[in-house]
2 protein chains.
Amino acid sequence: MSQDELKTVEEYMRKNGLRWTSQRRQIAREAFATHDHFSADDLLDVCKQKDVRVSRATVYRTLGMLEEAGFVEGLDTGDGGKKYEHVLGHEHHDHMVCTKCGRIIEFFDQELERRQERAASRHGFLIESHSLKLFGKCRDCR
Amino acid sequence: MSQDELKTVEEYMRKNGLRWTSQRRQIAREAFATHDHFSADDLLDVCKQKDVRVSRATVYRTLGMLEEAGFVEGLDTGDGGKKYEHVLGHEHHDHMVCTKCGRIIEFFDQELERRQERAASRHGFLIESHSLKLFGKCRDCR
DNA sequence: ATTGATGCAAAAGATTTGCAAACTG
DNA sequence: CAGTTTGCAAATCTTTTGCATCAAT
């Protein structure tokens with residue numbers, strides 16, 4: 001279950017003088033419930049279906065907050081949209097996005113990470129985050 | 001100069017039954033003139049400053065066209081915007097984006113490319129394009 | 001002449017923001 | 001209670017579109 005994760009978020013909020021409101025709890029709960037990639041609006045829809053009433057603005061605000069705190073990670077889908085995925089219990093990974101069916105495949109390669117760090121330091125650049133996406137056709141669509 | 005490049009674009013247009021209009025020429029000319037990354041609106045501004053009259057819509061349409069044809073490449077800046085850079089005579093490279101001053105630094109690492117290919121094939125994924133961006137602080141802003 | 005291209009302004013899509021009202025600590 | 005948050009709707013920002021007019025072939 002996501003009880004522990006929710007506790008962690010609550011703790012974070014409280015420690016930072018942020019309030020643990022019912023909306024924030026609901027949003028965090030949903031964010032951890034899906035093991036999929038979701039947009040702010042996707043999450044809003046799920047809330048509506050469950051008769052949980054939160055405003056669109058709050059979803060955006062809270063998701064932004066959770067992202068900043070590192071509980072979720074946002075990735076631009078390249079079509080002007082943004083998708084989130086929760087991070088707790090996940091190792092860092094990159095993404096392959098199928099340009100036909102929209103499927104998102106996660107992958108990780110330690111050497112990739114290392115080379116990025118190395119490239120950055122060559123330019124005196126300090127990496128805060130990175131985004132590596134491979135666009136193309138997944139096994140089923142190629 | 002960019003005469004050859006313009007010729008190449010003109011040729012491409014004609015071969016594809018597209019018309020070589022003064023607007024398209026101007027836009028292509030500007031796109032090749034800057035060796036920087038520019039947004040559609042940046043390019044529009046330059047045109048205005050030079051008293052070259054083109055509409056915003058045409059800039060967007062033409063840039064999209066040039067991108068599809070492979071003359072320019074677009075990259076999402078992560079803040080909802082999109083920047084272009086011309087491609088002719090450029091080798092492929094990735095980007096570091098300074099989150100403070102917006103500066104874009106180009107870099108390339110052959111090994112990075114290889115590992116991406118390898119990761120893709122492990123998942124039966126066929127790469128059509130990729131996007132690797134490092135977000136952080138550049139030398140001057142860190 | 002045809003048919004594609006342009007410009008304008010309105011539309012769209014995603015996200016943000018101002019502000020009064022509601023709620024948390 | 002004081003100070004945050006919320007919800008709403010209006011505002012942004014960037015890009016796209018419909019359509020009448022204009023221009024390239």
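Keep in mind that what you see is a predicted model, and the values were worked out from it rather than measured. Residue numbers start from 1 in every chain, and the chains themselves are labelled A, B, ... in the order their sequence lines are given, proteins ahead of strands.
Using cut-offs of 30° and 60° for the angle between ring planes, the B/His86 and B/Phe32 rings count as tilted.
When the P atom of D/dG7 is taken as reference, atom CG of A/Leu44 falls 10 Å away, rounded to whole Å. Atom P of nucleotide D/dT15 and atom CZ of B/Phe38 are separated by 12 Å, given to the nearest angstrom. Atoms CG (B/Asp76) and P (D/dT15) sit 9 Å apart, rounded to a whole Å. Atom-to-atom, CD1 of A/Ile27 to P of D/dG7 comes out at 8 Å; the value is rounded to the nearest Å. Atom-to-atom, CE of A/Met13 to P of C/dC23 comes out at 19 Å; the value is rounded to the nearest Å. A straight line from CE of B/Met65 to C1' of C/dG4 spans 10 Å, rounded to a whole angstrom. The interatomic distance linking B/Arg24 (CZ) with C/dT6 (C1') rounds to 9 Å, in whole Å. Atom CG of A/Leu66 and atom P of D/dT5 are 13 Å apart (whole Å).
A donor-acceptor contact under 3.5 angstrom links the side chains of B/Thr99 and A/Glu128, judged on distance only. Counted by atom type alone, A/His37 and A/Glu73 present zero donor-acceptor pairs between their side chains at under 3.5 Å. Side-chain contact check for B/Glu113 and B/His92: at least one donor-acceptor pair (N or O, by modelled atom type) lies under 3.5 Å.
Under the 4.5 Å side-chain heavy-atom criterion for ILVMFWY residues, a single connected hydrophobic cluster contains both B/Leu63 and B/Trp20. Residues A/Val54 and A/Val72 fall within the same hydrophobic cluster, defined by Ile, Leu, Val, Met, Phe, Trp and Tyr side chains chained together at heavy-atom separations under 4.5 Å.
A residue-by-residue look at B/Lys83 and B/Thr21 shows that B/Lys83 has its nearest nucleotide of DNA chain D further toward the 5' end. Each of A/Arg14 and B/Ser22 has a nearest nucleotide on DNA chain C; the 5'-most of these lies closest to B/Ser22.
Regarding contacts with the backbone of D/dG7, a side-chain N or O of A/Thr58 is found under 4.0 angstrom from either OP1 or OP2. Within the 4.0 Å cut-off from OP1 or OP2 of D/dT16, not a single side-chain nitrogen or oxygen of B/Arg61 is found. The side chain of B/Gln23 places an N or O atom within less than 4.0 Å of a non-bridging phosphate oxygen (OP1 or OP2) of C/dG7.
Between D/dC8, C/dT6, C/dT24, one nucleotide has an atom nearer to the side chain of B/Ser55 than all others, and that is C/dT6.
Taking the six-membered ring wherever Trp is involved, the centroid distance between the rings of A/Phe107 and B/Phe125 does not fall below 6.0 Å. The aromatic ring centroids of A/His95 and B/His130 lie 6.0 Å or more from each other.
For C/dT3, its base sits under 3.5 Å from the side chain of B/Arg19 at one donor and acceptor pair at least. The base of D/dG7 lies outside donor-acceptor range of the side chain of A/Arg53, with no N or O pair under 3.5 Å.
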Between protein and nucleic acid, restricted to nucleotides 9-15 of chain C and to nitrogen or oxygen atoms under 3.5 Å apart, what atom pairs and distances do you find?
{"unit_1": "C/dT15", "atom_1": "OP2", "unit_2": "A/Tyr60", "atom_2": "OH", "d": "2.5"}

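A salt bridge is defined here as a Lys NZ or Arg NE, NH1 or NH2 lying under 4.0 Å from an Asp or Glu carboxylate O, and B/Asp41 with B/Arg56 meets this definition.
Rounded to 10 degrees, the angle separating the terminal axes of the helix from C/dA1-D/dT25 to C/dG25-D/dC1 is 30°, with each axis obtained from five end pairs.
For A/Arg103 (side chain) and A/Lys137 (main-chain N/O), no donor-acceptor pair under 3.5 Å exists by modelled atom type.
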